Amino acid sequence: MGVTSWLLRHTRPSLLVVTAPGGTGARVAAERYARERGWRLALNPAEANMLVVAGGGLEPYATRVWRTVPAPRVRVDVAVSAAVPGALAAALELLHDADEQRRQAQPAGAPEHAHAATSQTGHEEHAGCGGPSHDAADHPHAAHGSQPAGHSHHGDASGHGGHEHGDGQPSHGGHEQGDASGHDGHEHGGGQPSHGGHDHHMAGMASPGGVPMADRAPDRDGLMLDQLHVPLGPALPLWPPGLIVHTRLQGDVIQDATVEVLDGTHDSFWAAHPVARRLDASARLLALAGWVDAATTAQRLRDQALDGTAPQEPLRRWASRVRRSRSLRWLLAGVGRTESGDALDRLHGWLDRRDEPQWTVTGLPDLLAGTEFAAARLTVASLHG
Amino acid sequence: MARVATTDAAVEPTAWWSALPLLALLCLFAFAATAFDAVLAARAAGRSTRSAALEPLRTVTGLLVQQRRRTLAADGLLWRGAGLVLLVAAVLASGVTPLGRWAVADLDVGVVWFNAMEIVAWAAVWLAGWGPNSAFSLVGGYRFVAQGLAYELPHMFALTTVAIGAGSLRVADIAGAQRGLWFVVWMPVAFLGYLVSVLAMSFSRPFDQATGSDLAGGAGAELSGVDRLVFLAGRQVLLVSGAAMAVPLFLGGGAGPLLPDWSWSLVKTAAVLALLVLAGRRMPTVRVERFMEVAWMVLIPATLLQALFVSIVVS
């Protein structure tokens, strides 16, 4: 145990930040805290050891993602940016606490996971006082509460997991695999990569692990190919808060997409900070484009702009570096083209401090249909100023 | 530019146990590359770069205590085996790379062996993407297969070019054939094609679309704990193996003034590796659908012409 405790104490925090509508302030604060301390920002639950839920109202998605985070792990629910430093400092203590992490690694049916009626308001209160709510929400019944009844198809020995169908949408079925450690469910709703294709009418079909096989449909060249139903968002990093795009995916190509928007508080966080808003949008687009350094610099400048100490010279240098990049131009040109231009034009608009018209989701399905997956992600990021 | 195939090979095979120092050396270089990358990242983030070099170590400790993730209806053997296959292939590829005068194996078809091991990596990444039964992983696997179609031919033409230049497939002969003039000088296009393809085959930045941020980590999206550690180590060792092989193929092997030849091999490998890491941070991820066009319209014809030029010169 000595070695494990030692390794645990030296574990580098890796944050998976998911954002609810209204949680932008907390998300930005968490990103800043991580950047200043050299903590990693995780892209998926598997590489994360801290789940940061920024803002409230992301259930049941946040809990589904939480169940797929392997121990050692800490969950942090923060509603407001002011609570972030305290919450993350407390989370670090828990992450490095061997006793706590032994509990996290215990079987899902263990006594401390007894039925806890965790309401979302309860979460926010908890977050408000700065404490990470590490396992209060780690209970399948909390998620079940907000889901249509009768969609649990097969439970398992531990009573954990089962076959959950998000909000009743065909492509939304969260397939939980309960197991000894209770953390490795196979999720759909929370931006969790996984096999889709679980239409209700197929749910009874005998197939591996109780999951139906993928559908088939003709692709854009008329070939019969497997198709997967993959929902994107809302608990997905580098993704607009509250957006869910249900996609039908064939290989790397999105055949069609439908859009759903979660209800939530209107986010007025950026209203007073137009410069920071454009920098944040640029950072997300650059991160998705895979230019990590330019994205990190944009985040740093964003945080300085929020402090009101944005230095003009570094800002100008960064903008001209991004604008000059020939590879970026080559890679973004033609992506997500609308009447007003493509992703590159929109990025340049942010660099030039032009204000683009507010985006709407109505045109998104048409824009995404038939595009490569990567281009779709870039399109969404470029539209979401 | 007349050239004689060297029969007095400058490289001797060493005892079997020399595979152990090779393994240590590869791990050391892989860690150094990761640490260098972390330092560059810290600089961009506006943090102290001094502590950043040790951040990868703290990531490793985290992976050692992390639970291994399971997914529903996964193909566990292929999925978890993929990382190990990647790592083993990457190490075996370096078995024929000489360190100064020594190589673990001095095969007379060394270049072919090296290429064969790299192609194993192609399968390994696909399996890592396919194994966990997860859509994002699967798409990552698809992307890497497509990427292979883009980089593999330029890579093989680059290898062919140096083999033609030396008149041998033995790595020692190729290094020895550069006593007068390094191949990088009169085969610059092959060298460039080689470096690009090394980045692409080790799915390192900027050719990291198979594990891209848009796919939440792609082929590696479901890997945690030791599985993740082995997979990431395999990728870094593959990058190191590619960088190290550039030295005998293009940069004169261990040739250099003053220092002993083994140290020149190390210095040159470190330089190539640093160049690759730096290049990767300077641009966005190159998406396969755009890279494919460049690979087939520019890289393949250019490396073919280079091979033709070298063939005419040596004949």
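Hydrogens, waters and symmetry mates play no part in the numbers below; they use all other heavy atoms, side chains included. Computed from a predicted model, the values in this text were never measured in an experiment.
When the candidates B/L57, B/V286, B/D208 are compared by the number of heavy-atom contacts under 4.5 Å with chain A, B/V286 comes out ahead. Chosen from A/R40, A/R9, A/R321, A/R12, the residue pairing most often with chain B at heavy-atom distances under 4.5 Å is A/R12. Among A/A333, A/A42, A/A375, the residue with the largest count of heavy-atom pairs under 4.5 Å with chain B is A/A333. Of the listed residues (A/A294, A/A376, A/A48, A/P72), the one with the most heavy-atom contacts under 4.5 Å to chain B is A/P72. Listed options A/S325, A/S14, A/P13, A/G251 were ranked by heavy-atom pairs under 4.5 angstrom with chain B; first place goes to A/G251. Chain B forms more heavy-atom pairs under 4.5 Å with one residue of A/A287, A/A374, A/A295 than with any other, namely A/A374.
In this structure, CH2 on A/W291 lies 8.0 Å from CZ on B/R282, to the nearest 0.5 angstrom. The CG atom of B/D214 sits 11.0 Å away from atom CD of A/E372, with the distance rounded to the nearest 0.5 Å. Here the CZ-CZ distance, from B/R287 to A/F373, works out to 13.0 Å after rounding to the nearest 0.5 Å. Note: A/L43 CG to B/F136 CZ = 11.0 Å, rounded to the nearest 0.5 Å. A distance of 11.0 Å separates CG in A/N49 from OG in B/S224, rounded to the nearest 0.5 Å. In this structure, CG on A/D252 lies 7.5 Å from CD on B/E289, to the nearest 0.5 angstrom.
Heavy-atom distances place the side chain of A/R377, and not its backbone, under 4.5 Å from chain B. Residue A/L378 touches chain B through its side chain alone, counting heavy-atom pairs closer than 4.5 Å. Residue contact with chain B, scored on non-hydrogen atoms closer than 4.5 Å, involves the side chain of A/L249 exclusively. For a residue to count as touching a neighbouring chain, one of its non-hydrogen atoms must lie under 4.5 Å from one of that chain's; by this rule B/V145 does not touch chain A. For chain B, the nearby parts of A/R35 are the backbone and the side chain; heavy atoms of each come within less than 4.5 Å.
For the pair A/S327 (side chain) and B/M283 (backbone), a donor-acceptor distance under 3.5 Å is absent.
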Inset, instruction - Quick one: do A/W330 and B/V294 satisfy side chain to side chain contact (heavy atoms under 4.5 Å, CB included)? Show the steps, please. - result: CA-CA 11 Å; A/W330 167 52; B/V294 173; 3.5 Å; yes

Legend entry - Pair A/V292-B/R205, side chain to side chain contact (heavy atoms under 4.5 Å, CB included): steps then yes or no: CA-CA 10 Å; A/V292 188; B/R205 277 190 224 104; 3.8 Å; yes

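Residues A/L331 and B/F291 fail the side-chain proximity criterion, which asks for heavy atoms closer than 4.5 Å. In this structure, B/R290 and A/V335 have side chains that are in contact, with non-hydrogen atoms separated by less than 4.5 Å. A heavy-atom distance below 4.5 Å is not found between the side chains of B/V139 and A/L228.
The side-chain contact (heavy atoms from CB on, under 4.5 Å) search around B/V237 returns B/L26, B/A30, B/L87, B/A90, B/V91, B/S241, not counting sequence neighbours. Among residues two or more places apart in sequence or in another chain, the side-chain contact (heavy atoms from CB on, under 4.5 Å) test is passed with B/L64 by A/L7, B/V60, B/L229.
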